[in-house]
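The block underneath contains the structure these notes are about, expressed in C-alpha cells.
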Amino acid sequence: ECMATLPHEKNEKLGRVLFSPDQRWLLSTHLTRPLAPASEARLWNLATRQRVARFPIVAAPTAFSPDSTMLATVGTNRTLQLWDLATQREIRTLKAGGGQRALAFSPDGKLLASGEGVFVTRVWEVASGNEIALISGHVGGIFDVAFSPDGKTLATGSTDDTVKFWNTAIWQEVMTLPDYGKNVSRLIFSPDGSALAVGSSFGDDERAPVQLWRAPSLADIDAAGQRN
C-alpha cells in the first residue's frame, strides 16, 4: 500500500532519503548539474506529508542528530551547516576541508564527524562549533563514517579499500581491517556495537560483497590507548 507520493521536480537527481530518529521527518536530497546553487535538501512532515523546509546543499551527505532536533548539511565554500529543525534556521557554520562525502553524529549528539575526499576525517564539538580532531591515516578519500552505539569508536571507510577504527577518547587508531578489495563506501554498526557491516557502492556486485566484521572490544580500545 502506497502511503504517500512526494513530488519531484524536473532536471534533478534524487540523492538520498533519510528518516529522522523520532520518525517525525523525512529528508530527501535533490541534486542538479551543476550542483550549486539549485541543489537542495527537502524536509517533509510525515504526519501531514507536507514539505516544511528547503535547505541549500552542494553535496548529498546529510545527518540528523540523534534527538532529531538538528540537521547537518554540506554548504558552500568548504563548510558544513547545522540547522535547527524547529525553526528551520541555521544554528552555525563549520569550516571544513574539501569534498565532504559522509556525515555522522555521535550517539549522544555532542560530536559531528565528516569524511572528506582529501583523505582526512574531521570531528567537531556541536555545542561550540570547535574542531576537536583531524584524523589522518587513510591514503584515499573517506566515503563513510560511523560511530559505534556506545560512542567509544569511530569507523572510517575509504577508497584505499580499508576500514579503520579510532578511539574517540584520544583519536588514535585502534585497528585496520584487512584489504576489503574495493572502495569502501558503506559502514553500519550492529545495534549492540559488536559487529560492523562493510560494503561498497562502486563497481559491479561480484567485486563488492557485504562483509561482517567483529568490531573492536573495550579491551582492544584500551590496549590501543596504552600503545599510544
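Considering only heavy atoms from C-beta on, T73 stays 4.5 Å or farther from T29 through its side chain. In this structure, the side chains of F64 and P21 come closer than 4.5 Å at one or more pairs of heavy atoms. Residues S114 and W124 have side chains in contact (heavy-atom distance under 4.5 Å, counting atoms from C-beta outward). Between L80 and L103, the closest side-chain pair of non-hydrogen atoms falls below 4.5 Å. Residues V123 and L112 fail the side-chain proximity criterion, which asks for heavy atoms closer than 4.5 Å. Side-chain contact between F105 and V126 is present, with at least one heavy-atom pair separated by less than 4.5 Å. Between V198 and V184, some side-chain heavy-atom pair lies under the 4.5 Å cut-off. Counting only heavy atoms from C-beta outward, the side chains of I57 and S39 approach each other to under 4.5 Å.
Remark: side-chain polar atoms of K95 are paired, donor with acceptor, to backbone N or O of N77 under 3.5 angstrom. A donor-acceptor distance shorter than 3.5 angstrom exists from the side chain of N167 to the backbone of A169, with no hydrogens or angles considered. Although no hydrogens or angles enter the test, the distance criterion places no donor-acceptor pair under 3.5 Å between the side chain of T176 and the main chain of K164. Side-chain atoms of D161 come within 3.5 Å of backbone N or O of N183 as a donor-acceptor pair. Judged purely by atom type and a 3.5 angstrom limit, T121 has no side-chain atom pairing as donor or acceptor with the backbone of G115. Without hydrogens or angle criteria, S158 side chain to T162 main chain gives no donor-acceptor distance under 3.5 Å. Here the side chain of S68 pairs a donor or acceptor atom with the backbone of D22 at under 3.5 angstrom.
The two residues G193 and P149 have their closest heavy-atom pair at CA-CD, 3.6 Å. Of all heavy-atom pairs between Q88 and V52, the closest is OE1-O, 3.9 Å. Across all non-hydrogen atoms, the minimal contact from A63 to L18 is CA-CD2, 4.2 Å. The two residues L196 and A155 have their closest heavy-atom pair at CD2-CB, 4.2 Å. Nearest heavy atoms, G15 versus L31: CA-CD1, 4.3 Å. For V17 against S28, the heavy-atom pair with the smallest separation is CG1-CB, 4.0 Å.
Donor-acceptor pairing under 3.5 Å is lacking for the side chains of S20 and Q23. Of the N and O atoms on the side chains of T153 and W166, not one donor lies less than 3.5 Å from an acceptor on the other residue. In summary, the side chains of W213 and Q211 do present a donor paired with an acceptor at a separation below 3.5 Å, with no hydrogens or angles considered. For H30 and E12, the side-chain atoms include at least one donor-acceptor pair closer than 3.5 Å.
Under the ring pair (Phe, Tyr, Trp, His ring centres under 6.0 Å) criterion, W44 pairs with no residue at all, not counting sequence neighbours.
The hydrophobic clustering, which links ILVMFWY residues whose side-chain heavy atoms are closer than 4.5 Å, places L187 and L177 together. The hydrophobic cluster containing M175 also contains V163, counting ILVMFWY residues as joined when their side-chain heavy atoms lie under 4.5 angstrom apart, directly or transitively. Linking Ile, Leu, Val, Met, Phe, Trp and Tyr residues whenever their side-chain heavy atoms come within less than 4.5 Å places I142 and I132 in a single cluster.
Aromatic pair F19/W25: centroids not less than 6.0 angstrom apart.
Expressed to the nearest 0.5 Å, how far CD of E90 lies from CG of L82 amounts to 8.0 Å. Separating the CD atom in Q100 from the CZ atom in F143 is a distance of 12.0 Å, to the nearest 0.5 Å. Residue R54 holds its CZ atom at 5.0 Å from CZ of R42, rounded to the nearest 0.5 Å. The line from OG1 of T62 to CG of L27 is 5.0 Å long, rounded to the nearest 0.5 Å. Atom CG of L154 is separated from atom CG of L111 by 9.5 Å, given to the nearest 0.5 angstrom. Taken from OG in S128 to NZ in K110, the straight-line distance is 12.0 Å, to the nearest 0.5 Å.
No more than 12 heavy atoms of other residues, nucleotides or ligands sit less than 6.0 Å from atom CZ of R89. Crowding of L134 atom CG: a count of heavy atoms from other residues, nucleotides or ligands under 6.0 Å exceeding 12.
W171 and F147 have perpendicular rings, their planes meeting at more than 60° on a 0 to 90° scale where under 30° would count as parallel.
At a threshold of 4.0 Å, the pair R92-E125 does not count as salt-bridged, since none of the basic side-chain nitrogens sits closer than that to a carboxylate oxygen.
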Please assess K152 against T168 for the test side chain to side chain donor-acceptor pair (under 3.5 Å), listing each intermediate value before the final yes or no. CA-CA 5 Å; K152 296 181 181 298; T168 60; over 6 Å; no
Can you check side-chain contact (heavy atoms from CB on, under 4.5 Å) on I188 and D144, steps first, answer last? CA-CA 9 Å; I188 186 169; D144 206 4; over 6 Å; no
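Remark: of the listed residues R122, H138, R101, R122 is the sole one forming a side chain to side chain donor-acceptor pair (under 3.5 Å) with E116.
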